[in-house]
Amino acid sequence: QVQLVESGGGLVQAGGSLRLSCAASGSISSINAMGWYRQGPGKQRELVATISSGGSTNYADSVKGRFTISRDNAKNTVYLQMNSLKPEDTAVYYCNADGRGGSSPFRYFAVWGQGTLVTVSS
């Protein structure tokens, strides 16, 4: 089984910064895209940022210029650097990854982490 474990959430004042990490573990042959999504109170889950295996990135308009996604392929880890945080960034942040591995080296997987809470106070 492939699992994702997030860390780095917490409480921060508006204008502050946080860095989220998400590490994939298990029998992994390869990881394609990795990404961050979030779900705010009373809202649907939405895309924050994604990064391909080659390093191409995609961001939601609401976080462009403030958040930066990166990954360390050797560590199967993706990061989200969040700067200039706003109260509206308050949400549970989820990591997502897809690739090959798990019970078979050629089996496709798509997994989610358990989520980490980010709270931005005004």
Regarding Asp61 and Lys64, does a basic nitrogen lie under 4.0 Å from an acidic carboxylate oxygen?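 Judged by the 4.0 Å cut-off on N to carboxylate O distance, Asp61 and Lys64 do form a salt bridge.
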Where is the tightest heavy-atom contact between Ser53 and Asn73, given as atom of each residue plus distance?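 Heavy atoms of Ser53 and Asn73 come nearest at O-ND2, 3.5 Å.
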Shortest non-hydrogen contact from Val2 toward Ser27: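 Looking at all heavy atoms of both residues, the closest pair is CG2-O, 4.0 Å.
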If hydrophobic clusters are built from ILVMFWY residues whose side chains come within less than 4.5 Å, do [X] and [Y] share one?
{"X": "Val63", "Y": "Met34", "result": "yes"}
{"X": "Val111", "Y": "Leu80", "result": "yes"}
{"X": "Val118", "Y": "Leu4", "result": "yes"}
{"X": "Leu47", "Y": "Trp112", "result": "yes"}

Does either side chain, that of Ser17 or that of Asn83, offer a donor lying less than 3.5 Å from an acceptor on the other one?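 Per modelled atom types, Ser17 and Asn83 side chains form a pair under 3.5 Å.
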Pairs involving residues 38-58, ordered by first then second residue, that meet ring pair (Phe, Tyr, Trp, His ring centres under 6.0 Å) (sequence neighbours left out):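 Every candidate ring pair (Phe, Tyr, Trp, His ring centres under 6.0 Å) pair involving residues 38-58 fails, so no pair, neighbours aside, qualifies.
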Residue pairs involving residues 50-94 (criterion ring pair (Phe, Tyr, Trp, His ring centres under 6.0 Å); sequence neighbours excluded):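 Ring pair (Phe, Tyr, Trp, His ring centres under 6.0 Å) check on residues 50-94 returns no pairs.
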So, using salt bridge (charged side-chain N to carboxylate O under 4.0 Å, His left out) as the criterion, who are the partners of Arg19 when residues are at least two apart?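 Listed in chain order: nothing, the list is empty.
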Any side-chain heavy atom of Leu20 within less than 4.5 Å of one from Met82?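 In contact.
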Sub-3.5 Å donor-acceptor pair from the side chain of Glu6 to the main-chain atoms of Cys95, do we have one?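 Checking the backbone N and O of Cys95 against the side chain of Glu6, a donor-acceptor pair under 3.5 Å is found.
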